Participant: 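Pasting a structure below so you can have a look.
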Protein chains: 6
Amino acid sequence: MKTVAIKNIQRAPDTEIAAIASRGVATVHEAQGRTGLLKPYMRPIYAGARIAGSAVTILAHPGDNWMIHVALELCRPGDILVVALTADNTDGMFGDLLATSAMARGVRGLVIDAGVRDVRDLTDMGFPVWSRAISAKGTVKATLGSVNVPVVCAGAHIVPGDVIVADDDGVCVVARSDAHSVAAKAAAREQNEETKRGRLEKGELGLDMYDMRGPLRDAGLKYLDSSNDLEA
Amino acid sequence: MKTVAIKNIQRAPDTEIAAIASRGVATVHEAQGRTGLLKPYMRPIYAGARIAGSAVTILAHPGDNWMIHVALELCRPGDILVVALTADNTDGMFGDLLATSAMARGVRGLVIDAGVRDVRDLTDMGFPVWSRAISAKGTVKATLGSVNVPVVCAGAHIVPGDVIVADDDGVCVVARSDAHSVAAKAAAREQNEETKRGRLEKGELGLDMYDMRGPLRDAGLKYLDSSNDLEA
Amino acid sequence: MKTVAIKNIQRAPDTEIAAIASRGVATVHEAQGRTGLLKPYMRPIYAGARIAGSAVTILAHPGDNWMIHVALELCRPGDILVVALTADNTDGMFGDLLATSAMARGVRGLVIDAGVRDVRDLTDMGFPVWSRAISAKGTVKATLGSVNVPVVCAGAHIVPGDVIVADDDGVCVVARSDAHSVAAKAAAREQNEETKRGRLEKGELGLDMYDMRGPLRDAGLKYLDSSNDLEA
Amino acid sequence: MKTVAIKNIQRAPDTEIAAIASRGVATVHEAQGRTGLLKPYMRPIYAGARIAGSAVTILAHPGDNWMIHVALELCRPGDILVVALTADNTDGMFGDLLATSAMARGVRGLVIDAGVRDVRDLTDMGFPVWSRAISAKGTVKATLGSVNVPVVCAGAHIVPGDVIVADDDGVCVVARSDAHSVAAKAAAREQNEETKRGRLEKGELGLDMYDMRGPLRDAGLKYLDSSNDLEA
Amino acid sequence: MKTVAIKNIQRAPDTEIAAIASRGVATVHEAQGRTGLLKPYMRPIYAGARIAGSAVTILAHPGDNWMIHVALELCRPGDILVVALTADNTDGMFGDLLATSAMARGVRGLVIDAGVRDVRDLTDMGFPVWSRAISAKGTVKATLGSVNVPVVCAGAHIVPGDVIVADDDGVCVVARSDAHSVAAKAAAREQNEETKRGRLEKGELGLDMYDMRGPLRDAGLKYLDSSNDLEA
Amino acid sequence: MKTVAIKNIQRAPDTEIAAIASRGVATVHEAQGRTGLLKPYMRPIYAGARIAGSAVTILAHPGDNWMIHVALELCRPGDILVVALTADNTDGMFGDLLATSAMARGVRGLVIDAGVRDVRDLTDMGFPVWSRAISAKGTVKATLGSVNVPVVCAGAHIVPGDVIVADDDGVCVVARSDAHSVAAKAAAREQNEETKRGRLEKGELGLDMYDMRGPLRDAGLKYLDSSNDLEA
């Protein structure tokens, strides 16, 4: 592994990041062609948070949070810490002290493919975290990793400066260069969904609204009056 | 697989379903001889919901929610959608649009051996879901499954029209033909538990209330004053 | 297995237990040299509880809660039930009736390497539980286990009378003979953290506060201005 | 649970069972429309066995193998023991003594959604087992289950007398009434595959042999000369 | 954690260890009252090995094999290395070089609650390993652990000098002070099983050999002629 | 997702690939700084195979193997198929017919983050596969994916044309541009290990050979004569 810390990364414009935040994970994931989603084991420590920001990436060893300290110096307001691990691990690599430091620097939240601790304090502080586990297990500061190199975090390839969006549905990454177009597509998608929601509320069926009856018939779906007809 | 949709199924009477709902999962599961429970990985997306209803069953492919649209047309008020998968999968096959449509048709909730998304919206809408996972992962509409055939969902065999009961403890299925007797047994059981609760509150021990001292002695339990006697 | 129930165990003084409770799991775990933590799959059934107490241990068979009844008679106010299993299991071995009995005897909570049920009732009663699973699956009373023998529960070795501390971060065990010194170290640690928190809040970096810059350089960390320098 | 043992079950004819055995799991699963497969965590204890036989079903409690003894009396030569559990469990419920008894009665093998032990002996004896786990963990004989009732084993619904086929690819169940037609379809499928295999060996592409080029184009697949064109 | 290496431990006599090795894991586990078994995820890297020896214990950090080097100096011929981890981990902490060193010192094998690598070489060398995983993931030598302190390895409490027995069924630990009596009980058990095996081979049923018919009837087992009687 | 198939990719020279194959996964992984390893759940279907080749990458949907057919046309002799999934899945997406086609085109093996079937046939054919699961579960051909785009497979980022090396220890990826230097470093490492092996065989300790005694002392390791000194 290259044990480096890259000091400067390019970030997407704030307006694009704000636009992505306003749409949420499910819509953004759809808007960019169903890509970029982190594995569903990444869960928020409390319900209701929705953030987007620029990824400051960390590649760390199991049970060693040294590089998170290195990364914090390189964060700017609006960033999100993204911690990837060299091997599956649930240790509590981040707690209330690191969160205090992160908030002082304007960091919006943490996405970590490992554990987090002091979750009651983090909840009280309003510092959102998406993690693989909650664990009080302490960590050492003994082995170098990297900061701001491309990482695979919870199954997703994330490049420093990519836009991270996270809410109760999970975490999604948008390539920095796609942020503008994805924000636009997400907005369009949401408007379109608004219309559909209205029709469905009135009782219209998806079968009709999406014109599925023909394709279902063509695919061979058989409607039977009852299970008696099945045996026949 | 038979790619069919059965239009008409038999349902248990509303009064029986209401009686089962009022007892909850743990009591109903006990009342029918400790059977019918779905695996404990099936968890509610929010706490506090308790529902019962008639199962409209769906057998779907991983990442493909086409058959849920087919099923919604066949639902009646009071039904519960039960989605089984042909292989383990966590994709978010159900979100706020499908929930809007389901609520418009009087569906009481969803039990899905896969993922669900838009969980904040679903919580705000008060549409309860028990699922294997929460995931924003979108789905396709490409391959037929079945509606209203018997399925295995999270380890339980469920026949269309069976009664589903779900709460914070999980999900349980009651065979339609057993609904009446199970409701009665559950009521009896709950009354019996009420009496026991009162005695235990006053400090009576389960050892005495259940007359366990004799059976424990017969089974060979030895009481020792302290761990020193263990070594002796 | 020795099928015994040890009636008398030694407990740590109440003041030490109270001191440990006031520090919480993460601090106590650090204070005793990062040992004693139970596996992170042990999760509370509701958020916000923090307890400490003396362990009354139970070794039980999957799906058999007989020994919990035996243990309750041997509990004193301030105790915590600790249930270990002879094999991995998620059955709901504890519910509202047992909780009623436990509360009547002054038991502070339950730590169980299996399942628990009636979680809505337990939450309403304010009886905290840390468990591997939530499951309505009922249990039998057929096979003897042991009460108050040393057990391995969720990966931690627990001796009867050890101090258990549990909160939103998980569960930790402190050897009875270490309770005094661990409580003191935890208090010292928390005071020390308070100071650090203040400095971090003002924007000081962990890199500086912990004097990490030298060790990082010695370990070989390279700072690069941008990823372009990486390729060079 | 109904604690019963059904003495007589209907079985498929030997010729049908032999025909199914000769085709193997993957072909049979396809031949019956991709249904009936047990979850892939069911693995053989040694490679190379392929068997088919009539299911004698057992529903047992975790860590309790009492009902296997009951079932053995009801087995006939050519049967396969199918053990389902009331909750997930890996205990070693079956070992060399039970295998000796089973072989003496002509039982062809064991499918168990739990653990097995004495695997070296079972391998030497040539008694094939498909299980969830290998574990030396001993079991009790304390709680009744059922023999020859319908069960859900490793995610599949199995009725006594159904045909079980198992090999290195896993385990599949064929409904007794479908055995004849499935055997025929499997034979046809295998013949068809033989022809295909010859064409593929000569270098013909599946794209051509299955006429996929048109459908792929219609579905929107774009061929690009190089990844440079992707950026364009 | 106490970062110590204990140089001298007490071991069981060679004859007792040899006696335990000759019985194997399943018999020894039964002989000592169904205790001492490690979790079934501990699997051998190749089939057919059966060893017993004195435990030299190691407590190590995820991804750090420093303490294994420390332990090797303290091993004597006939010992078995037992590696416990402070958190779940699958890194390949042991490979062919360490195995070469271990064999040079007469170590009989390795039991590791983490990963192992170079498994083809280890197999060729005939150095048996029971592990949680196979992984080529390399490790660092940065953080101290302990050697020859009591550990919890794969769910079992192991004290240095305890007897470890391992074969195709898994791994079991026998307390050093129990080695003599367990060896004797295991021998008796095996003799008893030999007799039973002969009777079962001749077709006698376990139901009769173990006199189960009465207890089954007393417990309430109902025999029915066919499933028709079930409905009745 | 971009539903494209890239026809031409750049590959590393055959000599570099052969050099990498000759070193094996553990050595290559170390030689490139402990990076590139796929998760350890990727296991070979049979022991003893060791291959290296150029990655032809596939991004597929759960249960849909359509894109494997597309990829085969784009393979050249010496390639290795690498199948990544859009969501966790164990379906048997590859069997003996696809293997026949792959071998006819000179493909050296398959790395698939899903299931494989016909494993007995594949073993007989000598077509090596590293997979997440073995499953007879059949697949559809309904939804487009991509061929020869960068993918995340079992936690590793793989670009088309990267060098894949796989053996009994697992699977590792080497960036195409690093192949030359990694091959050289791996050769040097292996030579170095050969020398070490000789010294260790003669009984020299790693403690001495690696000069660890000083660093261990500096880190604070305490040697004690016996556990009695621990209490002191």
Side-chain angles (χ1 to χ4, degrees), chain E residues 2-10 45-46 63 65-75 90-92 95-106 115-123 131-150 159-161, chain F residues 24-44 47-50 165-172 192-210 212-213 215-230:
Chain E
K2 293 180 183 84
T3 53
V4 298
I6 308 288
K7 288 197 273 189
N8 300 298
I9 61 172
Q10 291 189 281
I45 59 168
Y46 57 86
N65 71 353
W66 213 8
M67 301 315 287
I68 300 181
H69 289 278
V70 174
L72 278 173
E73 186 179 28
L74 308 178
C75 285
T90 60
D91 289 356
D96 72 326
L97 287 183
L98 277 168
T100 300
S101 184
M103 289 182 87
R105 300 192 72 78
V116 61
R117 62 181 181 176
D118 303 326
V119 293
R120 180 149 69 162
D121 294 330
L122 299 188
T123 303
S131 71
R132 167 193 279 260
I134 292 169
S135 169
K137 174 74 164 41
T139 45
V140 298
K141 289 152 187 56
T143 307
L144 292 186
S146 318
V147 174
N148 279 333
V149 298
V159 173
Chain F
V25 170
T27 299
V28 167
H29 162 70
E30 288 283 352
Q32 69 176 345
R34 290 179 193 152
T35 60
L37 204 66
L38 277 67
K39 301 234 179 213
Y41 62 70
M42 296 294 286
R43 299 300 305 143
R50 170 178 289 178
V165 53
D167 63 18
D168 288 347
D169 282 346
V171 185
C172 190
N192 176 271
E193 289 205 342
E194 200 48 52
T195 313
K196 287 179 187 163
R197 194 172 291 110
R199 293 169 65 181
L200 295 169
E201 264 171 5
K202 288 178 193 139
E204 188 173 346
L205 285 166
L207 288 181
D208 298 312
M209 193 171 76
Y210 298 109
M212 288 175 174
R213 293 188 192 274
L216 284 165
R217 192 173 41 231
D218 295 348
L221 183 66
K222 293 268 175 300
Y223 280 92
L224 303 179
D225 274 337
S226 83
S227 60
N228 296 331
D229 301 327
L230 199 58

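Reminder, nothing fancy here: chain letters follow the sequence lines and each chain counts from 1. Just so it is clear, the model here is predicted, and its values are computed rather than measured. All values below come from the heavy atoms of this structure, side chains included, with hydrogens, waters and symmetry mates left out.
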Participant: Which answer fits E:M103, side chain, backbone, both or neither, if we ask what part of it has an atom under 4.5 Å from a heavy atom of chain F?
Facilitator: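 Contact with chain F is absent: no heavy atom of E:M103 under 4.5 Å.
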Participant: Quick one: pull up CG in F:L205 and CZ in E:R105 and give me the separation to the nearest 0.5 Å.
Facilitator: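 So the CG of F:L205 and the CZ of E:R105 are separated by 4.5 Å.
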Participant: Is it the backbone or the side chain of E:T139 that comes under 4.5 Å from a heavy atom of chain F, or both, or neither?
Facilitator: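 Backbone only.
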Participant: Please identify each residue that fulfils ring-ring contact (aromatic ring centres under 6.0 Å, His included) with E:Y46, with sequence neighbours left out.
Facilitator: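 So E:Y46 forms no ring-ring contact (aromatic ring centres under 6.0 Å, His included) with any residue.
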Participant: If you count heavy-atom pairs under 4.5 Å with chain F, which of E:G145, E:G138, E:A104, E:A142 comes out on top?
Facilitator: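 The candidate making the most pairs under 4.5 Å is E:G138.
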Participant: Counting heavy-atom pairs under 4.5 Å with chain F, which one of E:V70, E:T143, E:I45, E:I9 comes out on top?
Facilitator: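 Most heavy-atom pairs within the cutoff with chain F belong to E:V70.
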Participant: Could you tell me which portion of F:R43 (side chain, backbone, both or neither) has an atom closer than 4.5 angstrom to a non-hydrogen atom of chain E?
Facilitator: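 For F:R43, the side chain is the part near chain E, not the backbone.
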Participant: Sort out for me which of E:V147, E:L98, E:D96 touches chain F most, counting heavy-atom pairs under 4.5 Å.
Facilitator: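 Looking at each of E:V147, E:L98, E:D96 in turn, E:D96 comes out on top.
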Participant: Name the region of F:Y210, side chain, backbone, both or neither, that has any atom closer than 4.5 Å to a heavy atom of chain E.
Facilitator: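 Side chain only.
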Participant: Need one label for E:V140: side chain, backbone, both or neither, based on atoms under 4.5 Å from any heavy atom in chain F.
Facilitator: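 Contact with chain F: backbone and side chain both.
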Participant: Do F:L230 and E:K2 make a side-chain contact, defined as non-hydrogen atoms from C-beta onward lying under 4.5 Å apart?
Facilitator: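 Counting from C-beta outward, F:L230 and E:K2 do come under 4.5 Å.
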Participant: Counting heavy-atom pairs under 4.5 Å to chain F, which of E:R117, E:M67, E:Q10 comes out on top?
Facilitator: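 Highest number of pairs under 4.5 Å: E:R117.
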Participant: Between chain F and each of E:V149, E:T90, E:L144, E:L72, count heavy-atom pairs under 4.5 Å; write down the option with the most.
Facilitator: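 So the answer, after comparing E:V149, E:T90, E:L144, E:L72, is E:L144.
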Participant: Which residues, numbered in order, of residues 27-37 of chain F come under 4.5 angstrom of chain E by heavy-atom distance?
Facilitator: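 Contacts with chain E: F:H29, F:E30, F:R34, F:L37.
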